[in-house]
Amino acid sequence: MALEDRILELALESHFGEQRTPDHTREIVGRWQAGAVGSLRPAELAAMMRALAAEPRHGHVPEDWGGPVEAAPEVDRERGSSRSHTRLLRTVILAACLGGIALGLAFWRSHDRAPVPDLPFATVTGAVQVLGATGFVARTGNSLESGDTILVVHAPATVALESGGMVQALSPALFKVGEDGEGIGIELLDGTLRLEAGAEPLWLRTIGTSLELEAGSTVRMEFASMAPRSASKESRDQSGQEPSPEASVPSVARLDWNQVVIQAHFDAPDRALLVTSVAGRVVVDPEGLGLVLPSTGDALCLARGLTLSVADRLLFLELAAQMLPEEYRIWNPRIDYEPARKRDQRLALVELLGRIDGLWNVFERRIAAVRTLDYSSRDYLPALLDLLLDLGREDALFIARAIWLEEPEAFLPEHIVSLAERGAFEFEREVRARVELWSLDVRNLEGVPFYSAVFLALRGDDAGRLLLEQVLERSTSSDLSNGNVALAALGLEGIGGSGAWEQAARRMALEVERELRKGDLRIAMNLALTLEAASRLGRNGPEGLFPGLRDAILRERSARSQVLASEAEIRAILDEHGWR
Amino acid sequence: MEAMPAQTPLEVEELVGRYQGSVRGFLAFMGCPADRLDDLVQDVFLSFLTARFEDRGAAATRGFLRRIARNILLKALERDRRQIVLPDPTEAERAWVEYESEDGGDRYLTALRECLRGIRGRAQEVLRLRYEENVQLVGVADQLGLTESGVKSILVRSKRKLRDCIKRRLQA
């Protein structure tokens with residue numbers, strides 16, 4: 001059936017059968033929420049707790065976790081975006097949160113866990129899960145009990161109360177339901193964020209009908225993890241004191257929304273910096289909270305101060321983004337950026353960042369804080385990976401591994417292959433998984449892991465070689481212009497592949513001629529320049545294929561296209577390389 | 001150009017409500033078996049919600065959803081070991097974008113509605129039974145006292161007429 005007929009058929013069905021079209025909204029939202037929260041099975045929890053205990057910090061991939069692709073990729077394998085990645089991220093988040101649970105259990109176990117029927121919740125929206133006090137079993141009832149844990153995995157999330165009240169969490173958090181002398185309440189356990197009204201934590205019973213944090217509000221937000229451990233509710237009750245900013249802790253930051261006063265302290269005697277106050281303002285835009293600082297200098301100072309803290313990684317990212325000169329805003333997650341846009345610019349950025357003391361410690365912590373960020377803020381990660389690979393530092397691999405655990409989908413194919421080249425076993429495993437997944441059948445070339453296949457083929461791996469051969473065999477004329485077929489041919493040529501490049505080049509040259517005869521100069525030019533760039537890069541041998549042959553081809557092609565305009569010039573390229 | 005923020009359930013509902021018709025239509029257009037359609041529509045949105053995506057407007061969102069839909073359909077067919085010949089991706093994309101245009105296909109459907117007014121008599125009844133009542137060709141033939149090939153012939157002629165009429169209206 002012709003495509004136009006198919007469309008008419010669909011339109012007729014749509015017109016006549018509108019009432020028959022099912023509405024999937026509820027199912028999708030339900031599945032999405034279930035996927036976002038996950039089901040906390042005791043065995044899974046136990047495994048994650050063991051993994052945490054074995055390796056509480058980053059830098060190690062437990063062997064039994066498997067690679068993201070191996071789990072079951074759904075979309076766009078080559079870029080690594082898949083539901084399995086989300087599952088991994090979710091698992092990591094849950095695992096981290098469970099650490100908080102474990103720490104808090106000792107305290108909360110001393111509390112009465114009697115049912116408290118007067119605190120029911122009507123609905124739970126967003127990525128929230130209520131866990132019972134014993135065994136972290138998900139509760140299915142509609143009332144909270146003392147000892148329950150409220151786990152907010154993805155924010156913003158809302159717990160609506162039957163009374164009409166509502167608790168809204170703007171960041172992933174862990175609440176514990178407990179009781180004091182006055183009744184039941186909640187308190188954060190993981191140190192992510194503490195909401196306070198005056199000097200008191202916000203308790204459910206004091207919230208009233210709603211708690212909404214918005215621009216212009218004066219709710220004070222204290223990053224609990226920046227306060228000394230003695231700032232827990234229990235100890236404050238005993239001492240009757242609030243944590244002092246001047247306490248001998250690495251750093252304290254406090255911000256009052258709308259009129260922001262940020263204080264940064266650190267106790268390293270050999271550091272001259274002491275930013276006691278930075279006047280700034282917080283803006284709330286559709287993308288979320290933003291922090292605008294008055295000057296680059298102040299921001300830099302504050303960032304340096306926070307660099308040495310053990311705490312506020314989210315704030316640091318915002319500050320680091322703000323401190324950069326305009327031309328380096330590719331770092332800023334709130335501003336458009338194009339990864340790998342300009343290598344020189346990136347290198348300059350590396351140099352600039354490299355002058356900041358302790359930056360790499362911050363990166364490490366920053367990665368740990370990724371889980372507290374929303375999607376828009378995570379978009380800086382591909383750029384960070386570019387930086388890491390450009391820099392070639394010894395700790396680059398360490399940091400990349402940590403990012404891999406938290407955000408595997410941030411990795412572009414070239415990142416993964418570059419890291420595999422450096423001997424990182426998990427990336428090599430990922431490369432192999434991607435290739436093996438695709439080597440079974442190639443229906444079209446969309447999503448084929450070219451880089452991974454070339455990498456494996458050059459190491460004598462049959463799966464890589466077979467996939468490249470399939471690519472060449474099944475590629476159509478429309479596949480020739482983007483450089484991937486050239487990359488595959490060069491890869492095969494690199495392992496002594498019996499004239500693979502010669503054949504591919506001839507095909508491309510013939511296609512150029514065909515397009516010229518059709519009068520499509522643009523396609524002919526793209527093909528000719530792809531052929532030229534690949535030919536030049538391929539002369540360097542297999543080691544010249546990485547990193548970024550495809551980018552190099554596209555870059556060179558783009559530059560040459562500025563000066564190439566006529567049929568004669570295009571034919572001259574073919575003549576120059578003897579392809580006619 | 002901003003990446004999609006983390007969505008709330010309400011935002012997800014709104015997104016699904018706005019685009020599910022488009023996704024469903026595209027999957028059917030690509031040849032998705034009817035028994036897999038509902039599952040795959042849901043899978044497309046779940047993948048979309050977990051994917052990195054920069055919101056550049058409705059057209060780009062539809063395009064991204066189509067890309068996911070195509071991948072998911074291919075994998076589903078592989079998994080089910082079904083041998084279905086899918087249309088050429090480039091041609092399919094062109095035809096679908098032309099149909100959906102920037103209004104999600106409203107203009108095409110408006111033209112169809114207007115053209116249907118020109119279909120009268122038995123042809124009108126055949127179309128109604130076939131598409132509104134979802135009656136198979138044999139059933140339509142039984143109800144109207146025609147042969148199956150007669151019904152088929154009426155459908156082919158009616159569709160050709162509709163196609164020409166729609167084309168004229170869209171070009172006007």
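Only this structure's heavy atoms are used, side chains among them; waters, hydrogens and symmetry mates stay out. We name chains A, B, ... by the order of the sequence lines, and we start the count at 1 in each one.
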Discussion item. Report which part of B:E91 has an atom under 4.5 Å of a heavy atom belonging to chain A: side chain, backbone, both, or neither.
Written reply: both

Worksheet item: Could you state the interatomic distance from CG (B:L155) to CD (A:E9), rounded to the nearest 0.5 Å?
Response: 8.0 Å

Worksheet item: Does A:I7 reach the side chain of B:Y108, with side-chain heavy atoms less than 4.5 Å apart?
Response: yes

Worksheet entry | Closest heavy-atom pair and its distance - B:Y131, A:E13 | CD2-CG, 3.7 Å

Discussion item. The criterion is side chain to side chain contact (heavy atoms under 4.5 Å, CB included); which residues satisfy it with B:S22, sequence neighbours excluded?
Written reply: B:R62, B:W96, B:E100

Worksheet item: Considering residues at least two apart in sequence or located in another chain, which fulfil the disulfide bond (SG atoms under 2.5 Å apart) criterion with B:C115?
Response: B:C165

Item to complete: For side chain to side chain contact (heavy atoms under 4.5 Å, CB included), just list the numbers for B:N134 and A:F16, CA-CA rounded to whole Å, side-chain angles, deciding distance to a tenth of an Å, and then say yes or no.
Response: CA-CA 9 Å; B:N134 206 21; A:F16 283 109; over 6 Å; no

Worksheet item: With only heavy atoms counted, which part of B:L37 is less than 4.5 Å from chain A, the side chain, the backbone, both or neither?
Response: neither

Discussion item. Under 4.5 Å from any heavy atom of chain A, what part of B:R94 do you find: side chain, backbone, both or neither?
Written reply: side chain

Item to complete: List the atom of A:R6, the atom of B:P87, and the distance in Å for their closest heavy-atom pair.
Response: NH1-CD, 4.0 Å

Worksheet item: Of all of B:R160, B:K167, B:R163, which one pairs up most often with chain A through heavy atoms under 4.5 Å apart?
Response: B:R163

Practice prompt. Measure the shortest side-chain to side-chain distance between B:K159 and A:L12 over non-hydrogen atoms and say whether it is less than 4.5 angstrom.
Written response: yes

Worksheet entry | Contact class of A:L8 relative to chain B, heavy atoms under 4.5 angstrom | both

Response to the item:
On a heavy-atom basis, the closest approach of A:L10 and B:G25 is CD1-O, 3.4 Å

